[in-house]
Amino acid sequence: MPKAATIQKTTASAGKVAKNGASKNGKALGTAAAPEFADVDDAIAEYNARRSAQLAAIKKSDKKLLREMLYQMVLGRRFEEKCAEVYRMGKIGGFCHLYIGQEAIGVGSMMMLEPTDMVITSYRDHVQAMIKGMSPESVMAELYGREGGCVKGKGGSMHMFSKDLEFYGGHGIVGGQIGVGTGMAYAAKYKNSGQVVLCFFGEAAVNQGIFHESLNMAQLWKLPIIYICENNQYGMGTSQKRAMSSRSIARKAEAFEMANEFVDGMDVMAVRGATRRAIERARKDGSPTLLEVRAYRYMGHSMSDPGNYRTRDEILKYQERDPIVLFKDSLKESKVLNDKDFEKIEQEANDAVDRAVKFSDESPYPSEAELLTDVLT
Amino acid sequence: MAVLTIRDALNEALREEIIRDENVFVMGEEVAEYDGAYKVTRGLWKEFGDKRVVDTPITELGFAAIGVGAAMAGLRPVIEFMTWNFSILAADQIINHAAKMLYMSGGQFKVPIVFRGPNGSAYQVSSQHSQALEALYANFPGLKVVMPSTPADAKGLLKSAIRDDNPVMFLEQERMYGIKGEVPEEDDFLIPLGVADVKREGKDCTIVARSMTVPMALQAAEQIQNEFDVSVEVIDPRTIKPLDVDAIVGSVKKTNRLVVVEESHAFASVGAEISHQIMENAFDYLDAPVKRISTAETPMPYAKNLEALALPSVEKIVAAVKDVCYL
C-alpha cells in the first residue's frame, strides 16, 4: 500500500475545493471539483476538458504506483469475470455481486490509504477486499464456501473480512455499513489514532435513513470518515431517476454542511485526487466528506439479474468509457507503460486468478464443527 | 453492605467501569447534561466529561450503529435506549449487525457492546411505551440478554456485561429503578452472566420469574406459605440468554410443579422456552401441567384498570400456584 506522502496532485481543480465551513460565494461548501454530468456524452466532454491535467498528474506520479494501480484494476476485472464463469458452473452459491466497471473507484480511493486505515463496504466487496491486501485465493475460496476462505466459509460473497488488514467487511443490508463505518471513525477519533475510514455504499443506500442519521453525526462530531457513494446508477433494477427525487447525491451533504465532491468514477486519477483531498481534511481536523463517484454497473445487480430494465445500447455506450481502457490510454500517451507492459500485467492477473481458482478447488469444505463456533466469544 | 436503589446500583456499575477501562463510554439520548431520562447516568457527565458520557441526537438506528462500529474498532460502548421500545428503530444494527458480526467474520471481529435501558411497562404510558422485548432479542444467536431484579444483581450483572466481549442486551424495568436493596461493597463486585439465582427456597412448587415479576412472585410465595403452608421456590434466571436451564430443571425435579411469570406476551415467549425445556428435561417429574402468567395478548391499554388487568399480578400468581398445587 503506498504511503500517503508519496501521492501527487492529480487534478488541476484541487484548489477549488472549499475547506470545511461555509464558502464565500454563498454556494455550499466543498463543491464538486468536477462539474456534474448528466449522461455519458456530458461525461466524455467533461473528461476531455480535464484530460491534460490528468496526463500531467500521471507524469508526476510514481511509475511503480501507477503500474500497481493498473494491475489492481485488471486483477479485479479478471477476477470478477472468473467469478461469473465459475458461478455458472455451480462452484459459487447464493448471491454474487460483481464489481466490473467500478474498478477505478476502489483502486483510486483505497490506494490512497495507510495500511492502518479502515475500510467498510457493501456486499459488492470482492475486489475491494483484494485492494486492501487480501489474497485472491482467500477471497475466491470464500466465494466457494471453503475452509481456506477469509472467513472460513461462513460469510460467502457478501461478507469478506480481515481484521489484520483493517477490512471491516462486506455487509448485506443496504446502507447498514454506513452507520457501522461512522462508528469506526468514532473510535478512531476517541483513540486519537490518526486513522481514517473509507466507507463505500451504492447510490440506492442513500435513500435509507441510516445514511442521513450517520452523516448528521459525522459532521456534528467531526469524524474522520470519507463516505464514498459508488453511484452505478442502478439499485437492483431500479434506476436512480426512478428512486430519488434529486439528481445530485454529492449535494445532499450540504444539508449537513459537509464537504462533498462529485467525481468521475471512470477516471481512476480523478477518484484518487478527490480521495486525497478528503483524506487531508479527515486527518487535519477530523472532517468528514461525501464523495459521489459516478460509475456504471456493467453486469446485472447479481448473477440472477435478467437485465430487462435497460437497453444493450445504454450498456455499450457506457463501456466506451471503460475505466481500464481510459487509464491505459493515458498511461500509454504519457509513456509510462507500453503495450508490452499491458500484456505482462494481463498475464500476471490471469495467473493470479488461476491460482485462486486452483486453491479454491482444492480447499476442503469447512469441518462440521465450524457450524457452532464463533456465535459467541 | 450498602443499601442502594437499582438506579444507583446501575450508576455505580457504570461509574466503576468508566474508571476501570478507558475504552468504556456511555452514549444515548439525554444521558449527559440532562443526567439521564431516568437518572441512571446521574452525575457521570459532570464527573467524566464529554468523551465518556455522550449525548446523541434522537437517532436510535444511527447511534446504535456508532456503538457497533466503535466496538468492532476496539471500544466498549454502553448504549442507552431511553426505553427499549425505541430499540426497535435500531433493530437492524442489533440483529443484522451486532449479533452476526463475529460469526460472519469467521471469529475476527468481536462486538463488545452493551445496549441498556428500561424494558416493559411503566405507569400508564400506553401501547408504544410498554413493551417487554426480551423474547425478541433472545431469539437471535449472537446476543446475550440480561434482566436484573435487585440492586445487587443490577450492579454485578451490568459490570459483567460491560466486560463481556459479546453484545449484551441489558433490560432494566422502569417501575423498579427505585427499589432498594443491599449491595456488597467489595471493590469489584461481579455476578457472572448465565447463572440463575434462587430468590426464595422452597420444596412444593417452583416459580420462575424475572425482572418486575420477581418481587411479585416473592410476595405471592409468602402469601401461599401463610395461607396454605405450601413452600414455594422462586428462581430468577437473571440472564435470559444464555439461560441457566440446569438451575430451573433442578428446582422442578425437587418441587414437581412450575409456574412461569413474565411481563412479555405469552406467544413465543421466554416462558414458552422454559416450559419446553421442562417438558424435555423434567417431563417425568411433573405432577401438574406448567402454568404461565404473561401480559395479555393486546397492545398495552392506557386506562389504569385495563393496564392492571393486562399485566401479571400477585393475585394471578397466587391463583396459578394454587392451580398447579391443586389447592
Side-chain angles (χ1 to χ4, degrees), chain A residues 118 120 142 149-156 158-164 166-173 175-191 193 195 197 199 208-218 220-221 223 225 366 370 372-377, chain B residues 22-25 27 50-52 54-77 79 89-90 92-93 95-113 140-144 164-168 193-194 241-242:
Chain A
M118 298 178 266
I120 188 164
E142 190 54 42
C150 60
V151 296
K152 306 183 287 188
K154 287 183 169 175
M158 299 185 284
H159 306 302
M160 306 292 169
F161 286 82
S162 171
K163 191 169 169 55
D164 291 343
E166 302 286 348
F167 192 75
Y168 282 68
H171 295 268
I173 306 298
Q177 79 277 13
I178 303 174
V180 178
T182 307
M184 289 150 51
Y186 189 90
K189 180 176 174 144
Y190 187 98
K191 294 188 280 190
S193 67
Q195 294 163 291
V197 174
C199 176
Q208 293 272 37
I210 189 72
F211 169 84
H212 304 271
E213 296 192 28
S214 300
L215 266 67
N216 178 51
M217 284 185 286
L220 182 68
W221 293 335
L223 304 181
I225 182 165
E370 278 293 339
L372 299 176
T373 62
D374 304 323
V375 177
L376 293 170
T377 182
Chain B
E22 62 179 6
N23 289 323
V24 172
F25 67 99
M27 173 179 270
D50 287 334
K51 182 170 181 184
R52 313 298 295 280
V54 187
D55 276 332
T56 65
I58 298 177
T59 185
E60 283 87 4
L61 178 64
F63 68 72
I66 294 259
V68 173
M72 285 175 78
L75 302 185
R76 291 189 173 273
I79 303 294
L89 285 127
D92 175 57
Q93 283 297 324
I95 297 167
N96 279 324
H97 294 83
K100 292 164 178 59
M101 207 64 77
L102 184 73
Y103 197 82
M104 68 185 187
S105 70
Q108 294 181 76
F109 283 98
K110 293 185 282 198
V111 185
I113 190 169
F140 297 101
L143 300 178
K144 292 187 177 180
D164 199 282
D165 278 340
N166 301 287
V168 180
L193 305 188
K241 202 173 188 187

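All chains are named by letter (A, B, ...) in the order of the sequence lines, taking the proteins before the strands, and each is independently numbered beginning at 1.
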Bottom line for A/F211: the part with an atom under 4.5 Å from chain B's heavy atoms is neither
Rounded distance [0.5 Å steps], OG in B/S105 versus CE in A/M160: 13.0 Å
Separation between CG (A/L376) and NZ (B/K241), nearest 0.5 Å, reads 8.0 Å
Does any part of the side chain of A/I173, heavy atoms only, come nearer than 4.5 Å to the side chain of B/D92, both counted from C-beta? yes
Rounded to the nearest 0.5 Å, how far does CD of B/E22 lie from OH of A/Y190? 7.0 Å
Of all heavy-atom pairs between B/P57 and A/W221, which one has the smallest distance, and what is that distance? CD-CZ2, 4.1 Å
Taking side chain as everything from C-beta outward and backbone as N, CA, C, O, which of these in B/L75 sits under 4.5 Å from a heavy atom of chain A? Side chain, backbone, both or neither. side chain
Under the 3.5 angstrom rule, does the side chain of A/K152 hit a backbone N or O of B/G107 as a donor-acceptor pair? no
Minimum heavy-atom distance B/G62-A/I210, with the two atoms named: CA-CD1, 4.0 Å
Among the options B/K144, B/Q93, B/M104, pick out the one with the most heavy-atom pairs lying under 4.5 Å from chain A. B/M104
Who pairs with B/D165 by salt bridge (charged side-chain N to carboxylate O under 4.0 Å, His left out), at least two apart in sequence or on another chain? B/R76, B/K110
How long is the span from the CD atom in A/Q208 to the CG atom in B/L61, to the nearest 0.5 Å? 8.5 Å
Chain A contact via B/V54 - which portion, at a heavy-atom distance below 4.5 Å: side chain
Does the A/D374 side chain pair with the main chain of B/L102, one donor and one acceptor, at a distance under 3.5 Å? no
Top residue by heavy-atom pair count (under 4.5 Å) with chain B, among A/M118, A/E142, A/E370, A/H171? A/H171
In short, B/F109 meets A/K163 closest at the heavy-atom pair CZ-CA, 3.5 Å
Of the backbone (N, CA, C, O) and the side chain (C-beta and beyond), which part of A/S193 lies under 4.5 Å from a heavy atom of chain B, both, or neither? neither
Distance-only criterion, 3.5 Å: show the donor-acceptor pairs between side-chain atoms of residues 177-184 of chain A and protein atoms not counting sequence neighbours.
{"residue": "A/Q177", "atom": "NE2", "partner": "A/F200", "partner atom": "O", "Å": "2.8"}
{"residue": "A/T182", "atom": "OG1", "partner": "A/I178", "partner atom": "O", "Å": "2.6"}
{"residue": "A/T182", "atom": "OG1", "partner": "A/Y227", "partner atom": "OH", "Å": "2.8"}

Taking B/D164, B/I66, B/N96, B/T56 one by one, which has the highest count of heavy-atom pairs under 4.5 Å against chain A? B/I66
For the residue pair B/G106 and A/K154, what are the closest heavy atoms and their distance? CA-CD, 4.4 Å
Could you pull out the closest heavy-atom pair between A/Y186 and B/K51, with the gap in Å? OH-O, 4.5 Å
Does atom CD1 of B/I58 have more than 12 heavy-atom neighbours from other groups under 6.0 Å away? no
